[in-house]
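Residue numbers start from 1 in every chain, and the chains themselves are labelled A, B, ... in the order their sequence lines are given, proteins ahead of strands.
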Amino acid sequence: MQKNYDHLASEDPIYAAWEAAGVLEADENSDKKSYTIPLPPPNVTGQLHLGHAAMLAVEDILIRHKKMTGHEVLWLPGTDHAAIATENVVLKHLGLKSREDMSRADFLSECRKFASEKHDRIVHQIKKMGAHLDWSREAYTFDRERNFAVNWIFKKLYDDGLITRGHRMINWSVGAQSVLADDEVEWQENNEDFFEFWCGPFLLGTVRAETKCADSPVMVHPKAKYVRARSADGRECIVTEKYFTEHTQLRKDFEIQETVPGKKLEGMKFEAETYAGKRKFWVVADEVIDPAFGTGAMTISTAHSPDDFVLAQKYDFDLVQKIDFKGKMTQIAGPCEGLPVLEARKRAGEIMEEKGLLFQRRPYANRVPKCYRSDTVVEPMLSPQWFISVEKEFPDPVSGKKTTLKKLMQEAVRGGHVQIVPKRFEKVYFQWIDNLRDWCISRQIWWGHRIPVWYDADENVHLPEVKSITFARHGESEANVKNVIGGDFSLTEKGKKTAEQIFKAVKDQNISKIICSDLKRSKETAAIVSELFANDVQIEEWPELNEFSSSELAQKAGKNFRREGPLQINFDQLTDESLDQIRDRAQSVFATLQEEAGEVLVIGHQNITAALFHFSRSDDTEGFVRFRKNWNWGRGECKDLEFLQSPRGKNLRQDEDTLDTWFSSALWPFSTLGWPNQTRDFEKFYPTDVLETGHDILFFWVARMIMFGRYATGEYPFHTVYLHGMVTDEQGRKMSKSRPETCIDPLETIEEVGADAVRLSLVIGATPGNPIPLSKEKIAGYRNFVNKLWNAGRFVQMQTSQNPPQSPLEKGGGTASPQPTSLADRWIASRLTTVAKDVATKLQKYQISAAGDAIYHFVWDEFCDWYIEASKINSNPAFLRHLFLEILKLAHPLVPFITEKLWKELGAEGVLIEQAFPEPTFQDAESVDEFAHIREVVTEIRRVRAEKKLNPREKISVQISPKLEAESAALIESLAGVKFEKITAADATKLSVGKTEILLHLPVDATRIEKEKKELASQIAALKSRLANPGYTEKAPKNLVDQTRKELAEAEEKLKKLGGKAFEEKKDETWLVQEISEKAKISSSDAKKALQEFEQFIIRAYSEKKRVKISGLGEFDFEEKRKKMEFFMAEEELS
RNA sequence: GAGCGGUUAGCUCAGCUGGCUAGAGCAUCUGGUUUACACCCAGGAGGUCACUGGUUCGAGCCCAGUACCGCUCACCA
């Protein structure tokens, strides 16, 4: 074995070996309990960042641990098409300013190309982390299968009345040229001007000077007091009384005519000059106006502010569009027409100033909405969009009651169906849900699932219809009897009977046509059925419906290809068509079948029909292998193939918009398992178990998965949500490329130190929901640990190669494991039992950091520092090896690569991930105590040696009593570098560890002894005072009190051995209490308490060597009485 | 404005339902070529658990208040 672990040469081959061996794949037919985590799909065009790395580390640990504890685990990978983000990247990549510079089809094909190129990159990067993902089930939010799921649920929601189209106030991202959901808007605080300007007689205030120009109502509060004031030159001014009195300028220029409530102003009409010319205004009073804010009056921008829009609806005001979808002013803005909003605002301010309309500007902290993806301005705009109604009732098939989507989301957490780790995020979740408004799901971008809605010339809405085609399998043929594949055989007598059954099953349907293949068994079945329909139903023969071709195989094998035993789903042996050919054929047949008018009955063959069912919704060939394996179709059995048929008719056009990315992401836990098909995967692995992700997408994603999961499947999609925090640098700042010294790239770091070290550094010291501080130093620390493990392995290897394992059982650490013999063996075996249990418990509780910490310290501080050292004295190689293999299993979930590598290096059999997580039972409390004692003794001697700066090689003479067991003595001699013999020297150093007394042949170190004595003295005093407290001895648990007594006795004993004298008892305490009580005029119990506190104070002051000044004791003269207080050692220290 | 977290060693953080002398990693200091490992070994120093009160026999932990930091939410023009 090499001296240092070479992660570069090890990791990729190990991962490749796992993949090749198929150990990462889940078995949907397993009897084991399932454990499923859907991988939060990274953006397909993204690069692995630390957030991904943290996510992968946590999930991999959970998955591997569960797998090793006997679960059938499925960690399902995939990528996200990330609509807006990807579109931006592709535009940039193509050097385009706007997607309109290209045709929609061309742009989409560019996106697809780009996505598929980048896909391999992110997948490769994910594998670098060692993730135990089942790549055979990899999904993509924008593939055909997911598109089917999206359309299916859209249709279902629409039919339930939960998706509606509405002309509402939406968030328009000028940059992305699309609408955004409420939570996709980020708010930024800007310092801006607050304009106070004249609008006729009214003084109004606003930040958005550019929008306040059209014919509009002026809103006032009905109950607030307004003043009408007049100036010498006849100008009128209406503002709130409060505002008027606060502005000296107004008071100077204007004189109050009357004071009226806002209600009285209502209905007032006037014409006023604005920056864009003269306009008409009228006054409306409404309580939503805050009279204390600004001037207490405002005009409203009906089409550009959500609040104003509400008012516009309430009073039926005109909706006036003042800003267009490019973020520029419309012609209503007069001189500002065509200007972007911010420029228009500036210009409007200038014009008002020129016209003398501006009263004043003042600074104002304004919150402006920004697009979370394109970092551009978001404008509230009016636009027709599709919404999901979260508060609309619909019948819930699970409970049989009416419910709303919002209620389903609330019930998820409130009802304990979904628990969030850490728990405090449940409150955050509720806060969000409670404020949740309808979700705007349409987007004006091209890259995404197109909204499955069509419009006719009259703007009527059409959705796809759910249609179905009935398939029936032909009856038994002679081929089935002869057990051959291929060839063309007739039905048996039994097969003919089957055809009659088919007729019975479908006779009530309005079958208009029977379609069969051009193989005898199919044609004959069709003929019988048709005959029973009294030949009313015509038959069509479609050769493309023939069973998979096996002509070449048949030729190779002779006339017919005889099958041995039950059918194996091995397509190489079944057919000479490739999976791609099968897919293409199935999809083309399906396309034709869909066009069939009326109800058709297809007489099909086993395999091609399976292919039709699968490939009608999916392009995934690997998925078909699995689908076919779980495909059960008895002869004569009917199956309906359901599909969505797009509406047809003249002049229908599909909605141009696409769906919010999060719409398809919200289906992820079940769309990836085949939903809406009732697949074996879905049955076995849904609901999933844990959804682990960053808390920043709790709302975007997690809440919506809960909503759709429960709505679509009737079950909550997972029982636990584990939220990790954002990875930051050590100062808690977000990693940023502008600070290269603290910015860490996970891929570079994996290159440098290996994936295991990166994993540990992201997991240890990180608690759920909190930031994960990361630094190069921290990572280096875990690299050192990985290296430590490697070297421990090297030691084990050396030991066992000198003494090869005796039995083959020992090779894999089988059931008949080597037994612990020595004291150290029994100690470490007991510790392993404790630690393994501890680690398992912690992982169960999602305390991954603590579990990692436990392993780290067990390996380093106990196994390496003590057990390996002890085993150099008294070796038991077989057991050492066994123990180390157990440690590898224990550590495997955290550090999969190094452990797998060592597992191989040590010649253990199989793959580590397929071993059981250690659950040892060996426990020997006596050895644990004894070894702990030895450690203490050794440490104590080492400390003295270090203080004396002795050469580590120099053996010193030591006398020890009482005498130890030979085994213990040998350990101490070797580990502490001492030799036991009788000490005669008078000035030997005395040490005392528990019951053991040690004499070292070294000059006495007086200061050291003194220091120790003082420590003991303060300890004794503290213990005594605790015991002197009647409350403690009476109320505290008995075992605790006993423990304290025991400690006191031990400390006193120790002190005695060190030659210190025990302190005198507090004989005179009553006296003192009385004295204090009298002089301070307090009750004796208070005096007693005061004395205790005082005592504590003195003891602390003494032990800390502080000079203290005593005051506040009233008339009590401490100085005078102190000679009686012998128990205070501190007296000389006091002043 | 509301809600939620945090404040423990120089730095980053653990500390479970209150109970031994409050722990870890990194950094620091001392001494070390002991045949697994200098990516190491041995040892040391370093803390008024933010502050003020309260509950309790006992508080880092529970309660109230204060200060500071962070996060999230919110339509006040």
Side-chain angles (χ1 to χ4, degrees), chain A residues 1 3-5 169 183 187 194 204-208 212 219 288-290 292-295 297-301 305-310 364 366-367 380 422 424-425 427-428 430-432 434-435 695-696 698-699 725-726 729-732 753 757 764-767 769-771 773-775 777-778 780-799 845 847 849-850 853 856-857 864-865 868-869 872 939 942-947 949-953 977 1015 1018-1019 1022-1023 1026 1029-1037 1039-1041 1043-1044 1046-1047 1100 1104:
Chain A
M1 277 172 79
K3 191 168 176 191
N4 285 312
Y5 169 54
M169 186 62 58
D183 49 7
W187 293 85
F194 188 80
L204 303 177
T206 188
V207 172
R208 307 209 58 178
K212 308 288 177 184
M219 308 291 300
V288 299
I289 302 301
D290 177 2
F293 186 90
T295 62
M298 65 180 247
T299 62
I300 65 172
S301 300
S305 152
D307 315 323
D308 295 4
F309 178 66
V310 171
Y364 185 76
N366 191 34
R367 279 164 48 80
R424 67 190 149 90
F425 276 95
K427 284 201 173 180
V428 181
F430 281 125
Q431 193 187 326
W432 184 78
D434 295 344
N435 292 319
H695 63 73
D696 50 332
L698 177 62
F699 309 136
M726 194 174 62
D729 66 16
E730 282 210 290
Q731 314 306 312
V753 301
I764 299 184
T767 41
N770 293 327
L774 194 66
S775 63
E777 292 75 25
K778 187 178 174 188
Y782 292 110
R783 175 209 53 195
N784 295 352
F785 173 72
V786 170
N787 193 243
K788 187 78 182 171
L789 208 50
W790 174 259
N791 277 298
R794 235 154 59 93
F795 179 79
V796 174
Q797 160 82 354
M798 286 172 69
Q799 292 292 304
K845 292 199 277 188
Q847 295 173 356
S849 171
D853 226 36
Y856 180 99
H857 286 108
C864 291
D865 287 353
I868 285 189
E869 293 309 315
K872 287 176 184 171
T939 305
R942 280 173 179 173
R943 188 163 71 196
V944 175
R945 296 183 59 124
E947 273 168 14
K949 305 207 159 79
L950 292 182
N951 186 316
R953 285 186 160 180
E1015 273 170 16
S1018 75
Q1019 193 188 339
L1023 292 169
R1026 193 181 303 163
N1029 182 349
Y1032 179 68
T1033 45
E1034 283 159 25
K1035 293 189 184 172
N1039 59 343
L1040 198 66
V1041 177
Q1043 176 74 14
T1044 313
K1046 200 177 136 201
E1047 275 165 33
R1100 203 172 68 212
E1104 288 171 6

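- The shortest side-chain heavy-atom distance between A:F309 and A:I300 does not fall under the 4.5 Å cut-off.
- Among the protein residues, A:K3 comes within range of the sugar-phosphate backbone only, with heavy atoms under 4.0 Å from sugar or phosphate atoms but none that close to a base.
- Here the separation of B:A24 from B:C39, taken at their P atoms, is 23 Å to the nearest Å.
- Going from the C1' atom of B:G53 to that of B:A59 covers 13 Å, rounded to whole Å.
- Distance from the side chain of A:D865 is smallest for B:C41 among the nucleotides B:C39, B:C41, B:U12.
- Distance from the side chain of A:A946 is smallest to B:G43 among B:G43, B:A36, B:C39.
- When each of B:A36, B:G5, B:U72 is scored by its nearest atom to the side-chain atoms of A:R424, the top-ranked nucleotide is B:G5.
- In terms of phosphate contacts, A:Y5 brings no side-chain nitrogen or oxygen within less than 4.0 Å of OP1 or OP2 of B:C37.
- Across all strands shown, the partner of B:A64 is B:U52, judged by Watson-Crick or G-U wobble contacts whose two distances both fall under 3.5 Å.
- Among the heavy atoms of the strands, none lies under 4.0 Å from A:F430.
- If you measure from atom CG of A:D183 to atom C1' of B:A74, you get 14 Å, rounded to the nearest angstrom.
- For the pair A:F795/A:K872, a side-chain contact is recorded, criterion being any heavy-atom separation below 4.5 Å from C-beta on.
- Distance A:E1047 CD to B:G58 P: 19 Å, rounded to the nearest Å.
- In this structure, the CZ atom of A:R783 is 11 Å from the P atom of B:C26, given to the nearest Å.
- Nucleotides B:G25 and B:C69 have their P atoms positioned 32 Å apart, rounded to a whole Å.
- B:C41 and B:U35 are spaced 14 Å apart, taking the C1' atom of each and rounding to whole Å.
- Contact annotation for A:R367: base contact, defined as any heavy-atom pair under 4.0 Å involving a base atom.
- Nearest-nucleotide positions on RNA chain B for A:V796 and A:R942 put A:V796 closer to the 5' end.
- Two residues are said to be in side-chain contact when any heavy atoms from C-beta on lie closer than 4.5 Å; A:P380 and A:P306 meet this criterion.
- Note on A:H695: nothing from the nucleic acid sits closer than 4.0 angstrom, heavy atoms only.
- We find that OH of A:Y782 is positioned 13 Å from P of B:C13, with the value rounded to whole Å.
- Here B:U35 presents its P atom at 19 Å from CD of A:Q797, a figure rounded to the nearest Å.
- The listed nucleotides are B:C73, B:U21, B:G43; the one nearest the side chain of A:F699 is B:C73.
- In this structure, A:P1037 and A:G205 both approach RNA chain B, and ranking their closest nucleotides by distance from the 5' end singles out A:P1037.
- Nucleic acid contact for A:P306: none, since no nucleic acid atom lies under 4.0 Å from a heavy atom of the residue.
- At least one side-chain heavy atom of A:F699 sits under 4.5 Å from a side-chain heavy atom of A:V428.
- Nucleic acid contact class of A:I868 (heavy atoms, under 4.0 Å, all strands): base.
- Base contact: A:D290 has a heavy atom under 4.0 Å from a base atom.
- In this structure, B:A59 makes no Watson-Crick or G-U wobble pair, since no nucleotide meets both defining distances under 3.5 angstrom.
- Considering only heavy atoms from C-beta on, A:M219 stays 4.5 Å or farther from A:T299 through its side chain.
- The base of B:C37 is paired with the side chain of A:K788 by a donor and an acceptor separated by under 3.5 Å.
- Base pairing analysis places B:C75 opposite nothing; no Watson-Crick or G-U wobble pair with both distances below 3.5 Å involves it.
- Taking atom C1' on both nucleotides, B:U12 is separated from B:G44 by 22 Å, rounded to a whole Å.
- The nucleotide whose nearest atom lies closest to any side-chain atom of A:L1040 is, among B:C37, B:C13, B:G19, B:G19.
- In this entry the distance linking CH2 of A:W187 with P of B:C75 reads 7 Å, nearest Å.
- On a pure distance criterion of 3.5 Å, no polar donor-acceptor pair joins the side chain of A:Q431 and the base of B:A74.
- Comparing B:C20, B:C73, B:C13 by their nearest atom to the side chain of A:Q1043 picks out B:C20.
- As judged by a 4.0 angstrom heavy-atom cut-off over every strand, A:N770 is placed among residues touching the sugar-phosphate backbone only.
- When the C1' atom of B:C75 is taken as reference, atom CZ of A:R208 falls 13 Å away, rounded to whole Å.
- Using a 4.5 Å heavy-atom threshold, the side chains of A:R208 and A:S301 count as separate.
- Within the 4.0 angstrom heavy-atom criterion, base atoms lie near A:I289.
- Distances shown here put every side-chain N or O of A:K427 at or beyond 4.0 Å from the OP1 or OP2 atom of B:G3.
- Using a 4.0 Å cut-off, no side-chain N or O of A:K778 falls inside it from OP1 or OP2 of B:C13.
- With a 4.5 Å cut-off on side-chain heavy atoms, A:Y1032 and A:L1040 count as touching.
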Working for side chain to side chain contact (heavy atoms under 4.5 Å, CB included), residues A:M1 and A:M798: CA-CA 9 Å; A:M1 277 172 79; A:M798 286 172 69; over 6 Å; no
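- For the C1' atoms, the distance linking B:A27 with B:U72 amounts to 34 Å, nearest Å.
- Rounded to the nearest Å, the gap between the P atom of B:G65 and that of B:C49 is 23 Å.
- Between the P atom of B:C73 and the CG atom of A:L698 lies a distance of 10 Å, rounded to the nearest Å.
- Considering only side-chain N and O atoms, A:T767 lies under 4.0 angstrom from the phosphate OP1 or OP2 of B:A14.
- Note on A:R943: a side-chain N or O is less than 4.0 Å away from OP1 or OP2 of B:G44.
- The aromatic rings of A:F293 and A:F194 lie perpendicular to each other, with more than 60° between the two planes, well past the 30° mark.
- Counting any heavy atom pair closer than 4.0 Å across all strands shown, A:S301 reaches no nucleic acid atom.
- When distances run from any side-chain atom of A:P773 to the nucleotides B:A36, B:U12, B:A77, the shortest one goes to B:U12.
- Remark: the separation of the C1' atoms in B:A45 and B:A9 is 11 Å, to the nearest Å.
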